[in-house]
Amino acid sequence: MATQLTRPQYRIISTDGHVMEHPDVWNRYLPAQYNDRAPRLVKDPEGGDAWELVRGQPPMPIGLVTNKGQWGRRYEENEWFGSTYDSIRAGAFDGKERLVEQDIDGVDAEVIFPSQRTMSVFMAQEDDGFHLAGIEAYNRWILEEFNAADPTRLLGLAQMPAVDVPTSIQHLRDAKQAGFKGVIISAYPSGNPTLTLDDDPFWEAAEAEQMPVHVHSGLSQSGKRKSEPGVAAAQARFAAIAGHDLHMMGGAVGQASDWISLFIYSGMFDRFPQLQFVVVESGAGWVPHFLEHMDDHWWRNRIRVNSQLRLLPSEYFRRNFKITFIREPFAVRVRHEIGVHNLMWSNDYPHHRHDWPYSRRIIEESFLGVPENEKHAMICGNAMDVYKLS
């Protein structure tokens, strides 16, 4: 008899958690015809495990995207190289162990995102078959194994492809039927290099299915699939990260303002007023200036460009967007300028920006003096609304 899961009483929900693929996931989930191109485990320069995602390119170490030790790593112990699947905490790739790690941290649920490194390589594949096979393999594994440990606490998102709109729509509808809580896009659903009206049927389907669309860090894979250096460029980016490049590891903030403003100015939210986007791991403290700037820019130029927007740009943001933040006391202080109901706390676990097992302490420090109802909205309530939790 199947174990009956008790629905948790949600108090703290992290809206940005990650996994690293299980060591044998590609062997088991990728079709055999792609075995010669499947990601495979090799060794890093210090004897740790690393994923060779593209043959002949530097492998991707696992240190900074995993956790280690009984009580986690100190900042001074952060290092890409030397970690193995045997030495890291298993919650990075095992759903049951992830629940244990949530309990230690006092976190009731997480929204689970894929490995951005691996997805970037599949997303950049020119071969439609391999592109789809890699994405579908991940989606099956996260649904059937990792999140299956407790789908009420491990909230799954399905990675969307970028072949064409009909394919993206089918994947979105399949994800809805399978029980995913939303979808993540790394490129435009049409496969085009920028936003066009070709994408509208996908937004329409997402609105109709009530599936929130997530953009994690950006749409960096847009237009790369049919570009010869696409895969090499994706691999080179992460090779630079592994090479201790502080800028590549997150030196810039606010870059999401580029695609958010593009979407808002396009008028798509007049066509799809119930469509919901979640902006993930892009910071939040910059948002008040961004909203002020968008509104001013629109007022000054709306006649010249014949803008047909029915609302102020900032009003679309507050109606159609949620934005996650990690440890940002400043974003909490300016929450009313952002929108209390637009903000969702996250801990980025098990990536190196997390504060496991001290998330509760970080929350208390960051939310000092915040009224309880506003605090609850940002650390739990808003996520419950987006993902229809009860």
Side-chain angles (χ1 to χ4, degrees), residues 1-19 67 71-72 89-92 94-113 142-158 175-176 178-182 210-212 214 276 278 280-281 284 322-329 331-332 335 339-351 354-390:
M1 180 179 295
T3 302
Q4 295 296 314
L5 297 174
T6 302
R7 185 174 297 277
Q9 180 180 352
Y10 298 108
R11 296 159 299 177
I12 299 175
I13 299 173
S14 170
T15 51
D16 179 21
H18 289 272
V19 293
N67 194 13
W71 301 113
R89 294 195 66 98
D94 183 299
K96 292 181 180 178
E97 290 299 318
R98 184 60 157 261
L99 298 175
V100 173
E101 291 164 25
Q102 285 184 355
D103 289 341
I104 294 171
D105 201 23
V107 170
D108 300 305
E110 292 173 86
V111 181
I112 302 297
F113 288 81
I142 200 69
L143 179 72
E144 297 173 9
E145 293 191 27
F146 189 90
N147 289 350
D150 189 341
T152 69
R153 299 183 63 187
L154 301 169
L155 310 176
L157 302 178
K176 173 74 173 187
F180 283 100
K181 292 295 187 180
Q210 299 182 41
M211 289 287 271
H214 298 68
Q276 292 295 304
V278 182
V280 185
E281 203 170 333
K322 295 290 190 290
I323 190 164
T324 73
F325 64 100
I326 304 176
R327 187 184 179 278
E328 285 193 71
V332 175
R335 61 193 179 277
V340 169
H341 293 287
N342 297 94
L343 286 161
M344 301 197 298
W345 174 84
S346 65
N347 63 7
D348 199 33
Y349 190 78
H351 289 185
H354 72 80
D355 285 293
W356 186 95
Y358 302 113
S359 288
R360 286 166 291 182
R361 192 199 78 185
I362 295 300
I363 288 171
E364 292 306 311
E365 291 175 354
S366 299
F367 287 77
L368 195 64
V370 175
E372 192 60 33
N373 64 321
E374 295 184 2
K375 174 183 172 184
H376 177 267
M378 291 184 280
I379 68 173
C380 182
N382 295 340
M384 291 181 69
D385 291 342
V386 171
Y387 303 109
K388 298 177 174 57
L389 307 174
S390 58

- Step-by-step side-chain contact (heavy atoms from CB on, under 4.5 Å) determination, Asp108 to Gln9: CA-CA 8 Å; Asp108 300 305; Gln9 180 180 352; over 6 Å; no
- Query: Do you know which of Arg98, Lys181, Arg153 makes salt bridge (charged side-chain N to carboxylate O under 4.0 Å, His left out) with Glu110?
  - Reply: Arg98
- Note on the structure: Residues Asn67 and Gly72: closest non-hydrogen pair is OD1-CA, 3.3 Å
- Spacing of CE belonging to Met344 relative to CE belonging to Met384, to within rounding of 0.5 Å: 13.0 Å
- Quick one: OG1 on Thr15 to CD1 on Ile323, what's the gap to the nearest 0.5 Å? 10.5 Å
- Please name the pair of heavy atoms, one in Pro357 and one in Ile104, separated by the smallest distance, quoted to 0.1 Å. CB-CG2, 3.8 Å
- Is there side-chain contact between Lys375 and Ile363, with heavy atoms separated by less than 4.5 Å? yes
- Would you check, one step at a time, whether the test side-chain contact (heavy atoms from CB on, under 4.5 Å) holds for Asn382 with Trp345? CA-CA 9 Å; Asn382 295 340; Trp345 174 84; over 6 Å; no
- Test side chain to side chain donor-acceptor pair (under 3.5 Å), reference Ser14, set Asp348, Thr324, Asn347, output is Asn347
- Query: Hey, what do you get for CG (Asn147) to CG (Leu157), rounding to the nearest 0.5 Å?
  - Reply: 8.5 Å
- Message: Are the side chains of Val107 and Trp356 in contact, using a 4.5 Å heavy-atom criterion?
- Response: no
- Locate the shortest heavy-atom distance separating Pro350 from His18; write the atom from each residue and the value. CD-O, 3.2 Å
- Phe113 versus Glu281: any side-chain heavy-atom pair under 4.5 Å? no
- Query: CD/Glu328 to OG/Ser366 distance, rounded to the nearest 0.5 angstrom?
  - Reply: 9.5 Å
- Heavy-atom pair of closest approach, residues Leu343 and Ala331: CD1-O, 4.3 Å
- Item | Closest non-hydrogen atom pair between Ala284 and Phe325, with its separation | CB-CB, 4.0 Å
- Query: Can you tell me how far the NE2 atom of His376 sits from the CD1 atom of Ile12, to the nearest 0.5 Å?
  - Reply: 10.0 Å
- Could you give me the CA-CA distance, side-chain angles and deciding distance for Arg89 and Glu97, then say whether side-chain contact (heavy atoms from CB on, under 4.5 Å) is met? CA-CA 8 Å; Arg89 294 195 66 98; Glu97 290 299 318; 5.7 Å; no
- Message: Side chains of Tyr349 and Glu101 only: does a donor on one sit below 3.5 Å from an acceptor on the other?
- Response: yes
- Item | Charged N-O contact under 4.0 Å between Arg360 and Glu364 | no
- Item | Separation of Tyr387 OH from Met211 CE (nearest 0.5 Å) | 11.0 Å
- Ignoring hydrogens and geometry, is there a side-chain-to-backbone donor-acceptor pair from Lys322 to His341 under 3.5 Å? yes
- Message: Show, in sequence, the C-alpha distance, side-chain angles and deciding distance for Leu389 and Leu155, and conclude whether the side-chain contact (heavy atoms from CB on, under 4.5 Å) test is met.
- Response: CA-CA 10 Å; Leu389 307 174; Leu155 310 176; 3.8 Å; yes
- Which pair of non-hydrogen atoms, one from Glu374 and one from Val370, has the smallest distance, and what is that distance? CB-CG1, 3.8 Å
